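Read through the structure below, which is laid out as structure tokens, and then see the notes.
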Amino acid sequence: MRIKELLALEGKGQHITVEGWVRTKRDSRDVSFVALNDGSCIDNMQVVLPKSFPLFDDIEPRLSNGASVTVRGRLVKSQGTGQSVEVLPDEITVQGEANPAEYPLQKKRHSFEFLREIAHLRPRTNTFGAVARIRSAMSYAIHSYFNERGFVYVHTPVITGSDCEGAGEMFRVTTFPLDKIPVTKDGVDFSRDFFGKEASLTVSGQLEAEIYALALKNVYTFGPTFRAENSNTSRHLAEFWMVEPEMAFCDISLNMDTAEEFIKYILKYVLTNCRLDMEFFSTMIEKGVVENLEHITESSFERITYTEAVNELKKSGKNFDYPVEWGMDLQSEHEKFITQEIFRKPVIVTDYPRDIKAFYMKQNDDGRTVRAMDVLVPRLGEIIGGSERENDHGRLLSRIREMGLDEKNYWWYLELRKYGSVPHSGFGLGFERLIQFVTGMQNIRDVIPFPRCVGTLDF
RNA sequence: UCCUCUGUAGCUCAGUCGGUAGAGCAGUUGACUGUUAAUCAAUUGGUCGCAGGUUCGAGUCCUGCCGGGGGAGCCA
């Protein structure tokens with residue numbers, strides 16, 4: 001049985017087995033208190049080891065921080081106040097020792113920067129154990145949200161031959177020997193590479209998801225995504241996970257409803273199913289995050305157009321580092337001001353100028369905006385980017401040409417607009433950013449087990 | 001990539017005007033106590049990120065490089 005289940009039991013002297021790693025040990029005159037954690041929950045199981053225990057002097061020193069232990073004994077009501085039950089051991093097996101002079105994890109609080117350098121040990125801390133459990137629970141909630149609504153989970157490829165979105169630098173995939181790349185007078189001869197053409201890691205599964213949405217109506221992807229941008233912030237990774245629903249017979253308005261309902265569903269799931277871990281975040285990491293999330297699940301997201309947002313920002317009279325002008329993209333400071341100062345809750349901004357958005361977004365009749373939507377949340381800014389897609393063949397083609405893209409690369413994407421085209425919409429949600437939002441963790445590198453960033457590829 | 005701060009004991013940090021290295025925690029030893037980041041005492045522990053330079057003398061000043069944090073851009 002795991003510690004989480006054992007802690008929920010009544011201590012009646014029943015025989016049990018506990019397996020876990022030593023978190024702390026406190027010595028007393030007659031007994032030693034050993035706190036074991038097995039990752040099933042944030043709480044530890046206290047093992048009370050009396051000095052009269054056989055071979056006490058041999059076993060006790062080996063029960064240092066980090067040691068792995070199997071304890072057979074009886075579960076009894078605790079005499080102390082910090083826990084309801086504790087274990088009186090009959091038999092203790094130290095599976096693996098952890099030399100206390102060398103073991104890097106101490107009882108005291110460590111900086112997240114230091115823990116990043118020991119990513120092989122950091123899941124043994126309260127914070128990273130909780131993050132791992134929350135991340136897992138949120139993944140499960142994502143699948144259950146879509147599954148309950150009849151969405152089909154589509155696996156879009158990780159290796160792609162098209163840089164369709166054109167947005168962002170891509171990681172190249174090749175089997176060429178780097179010291180001997182085949183070259184013709186026109187440049188690299190990709191026809192001799194593994195796929196016979198240029199290949200990269202995906203920056204988005206959206207375009208492929210559209211294919212399946214136009215057959216199965218409602219689909220979603222959930223998988224790793226890669227961006228080779230040289231961005232060095234607490235909100236960016238080179239490898240991150242993205243959730244991308246795509247819905248046919250769906251306009252921008254229904255798209256927004258879905259995004260809002262989806263986020264609230266995840267928040268509710270975590271608040272009810274990860275109560276202990278969330279309370280830990282709410283007291284130790286981000287004060288009051290539980291109350292904030294509860295409030296969000298109970299109120300509706302604000303919805304404004306880009307044009308209204310620009311007017312609000314101008315009206316605020318605040319001096320921004322970047323001036324607010326219609327046609328310019330909203331800067332971080334603008335987004336944060338809108339969601340944190342003006343509305344103090346999640347805000348969905350729609351109908352952006354078409355010149356600052358991607359080619360596939362549906363153009364409005366005003367000729368200058370597109371049906372884009374960004375969901376902005378306090379503390380982080382953009383957490384979702386989405387749109388209704390351009391479903392008119394002619395308008396999509398002219399947009400592709402206008403932006404100087406090669407239409408040959410989009411032949412199948414265009415054909416979807418020739419055969420049974422229909423209004424459809426979708427969005428992309430940065431999974432790690434949602435975890436940051438839920439937990440209050442400041443740095444995105446601390447909500448993914450093994451972060452990949454510019455200049456960093458440890459573990 | 002840009003701006004900015006920063007790098008000193010295992011960890012978190014202090015180190016004044018340039019004068020030869022310090023605290024708390026951890027580790028070790030001992031005391032005390034059904035303890036909760038236990039407490040108290042003693043004690044071990046240093047290539048001051050790296051490479052140059054200035055100086056009688058550099059943790060401290062200068063230059064370059066490398067790492068980390070925060071902010072910005074790009075975005076999710």
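To find a chain, count down the sequence lines: A is the first, B the second, and so on, and within it residues start at 1. All values reported here derive from a predicted model rather than from experimental measurement.
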| message | Check A:Glu86 with A:Arg74, please: is the shortest side-chain N to carboxylate O separation under 4.0 Å? | response | no

| note | Looking only at B:rC75, B:rU33, B:rC11, the nucleotide nearest the A:His110 side chain is B:rC11

| task | Ignoring hydrogens and angles, answer whether the base of B:rC75 and the side-chain atoms of A:His236 contain a donor-acceptor pair closer than 3.5 Å. | result | yes

| Flag if over 12 foreign heavy atoms under 6.0 Å of NZ, A:Lys314 | yes

| Salt bridge check: are A:Asp90 and A:Arg72 linked by an N-O gap of less than 4.0 Å? | no

| said: With the six-membered base ring of B:rG34 as reference, does the ring of A:Phe33 sit under 5.5 Å away with planes under 30° apart? | reply: no

| query | In terms of the nearest nucleotide of RNA chain B, which residue is placed more toward the 5' end: A:Leu88 or A:Pro104? | reply | A:Pro104

Quick one: which protein N/O atoms are closer than 3.5 Å to N/O atoms of nucleotides 5-7 of chain B? Pair and distance per line, please.
none

| message | Once you measure the plane-to-plane angle for A:Tyr306 and A:Tyr352, does it fall in the parallel (<30°), tilted (30-60°) or perpendicular (>60°) bin? | response | tilted

Provide a list of protein-nucleic acid N or O atom pairs under 3.5 angstrom, restricted to nucleotides 44-49 of chain B.
none

| request: Please identify each residue that fulfils side chain to side chain contact (heavy atoms under 4.5 Å, CB included) with A:Glu286, with sequence neighbours left out. | output: A:Val289, A:Arg379, A:Gln442

| note | So the stems of RNA chain B, runs of at least three Watson-Crick or G-U pairs (under 3.5 Å), are B:1-7 with B:66-72, B:10-13 with B:22-25, B:27-31 with B:39-43, B:49-53 with B:61-65

| message | Does anything in residues 448-459 of chain A form a side-chain hydrogen bond (donor to acceptor under 3.5 Å, both in side chains)? List the pairs, not counting sequence neighbours. | response | none

Please list, pair by pair, any protein nitrogen or oxygen found under 3.5 Å from a nitrogen or oxygen in nucleotides 24-31 of chain B.
residue	atom	partner	partner atom	Å
B:rG24	N2	A:Lys108	NZ	3.1
B:rA26	O4'	A:Gln106	OE1	3.4

| message | Taking salt bridge (Lys or Arg N to Asp or Glu O under 4.0 Å) as the definition, give me every residue that meets it alongside A:Glu113, ordered by chain and number, with sequence neighbours left out. | response | none

| request: Please work out if A:Asp30 contacts a base, only the sugar-phosphate, or nothing of the nucleic acid, heavy-atom cut-off 4.0 Å. | output: nothing

| task | Look at the side chain of A:Ser231 and decide which nucleotide, out of B:rA76, B:rC74, B:rU12, has an atom nearest to it. | result | B:rC74

| query | Any idea which of B:rU12, B:rC74, B:rA76 is nearest the A:Phe114 side chain? | reply | B:rU12

| task | Within residues 251-267 of chain A, find the residues that approach RNA chain B with a heavy atom at under 4.0 Å, and present them sorted by residue number. | result | none

Can you check nucleotides 66-71 of chain B for protein contacts, nitrogen or oxygen pairs under 3.5 Å, and list what you find?
residue	atom	partner	partner atom	Å
B:rG69	OP1	A:Arg116	NH1	2.3
B:rG70	OP2	A:Asn443	ND2	3.4

| For RNA chain B, the residues among residues 374-391 of chain A that have a non-hydrogen atom under 4.0 Å from it | A:Glu382, A:Ile383, A:Ile384

| Sequence neighbours excluded, every pair satisfying side-chain hydrogen bond (donor to acceptor under 3.5 Å, both in side chains) that has a member inside residues 1-18 of chain A | A:Arg2-A:Asp38

| Among all residues two or more places apart in sequence or in another chain, which pass the salt bridge (Lys or Arg N to Asp or Glu O under 4.0 Å) test with A:Arg235? | none

| Is there a side-chain polar atom (N or O) of A:Arg26 under 4.0 Å from OP1 or OP2 of B:rA38? | yes

| If you look at every strand shown and take non-hydrogen atoms under 4.0 Å, does A:Ser111 touch a base, only sugar-phosphate, or nothing? | sugar-phosphate

| request: Would you confirm whether the ring centroid of A:Phe146 sits within less than 6.0 angstrom of the ring centroid of A:Phe222? | output: no

| field | B:rU36 phosphate, OP1 or OP2, under 4.0 Å from A:Thr24 side-chain N/O | value | no

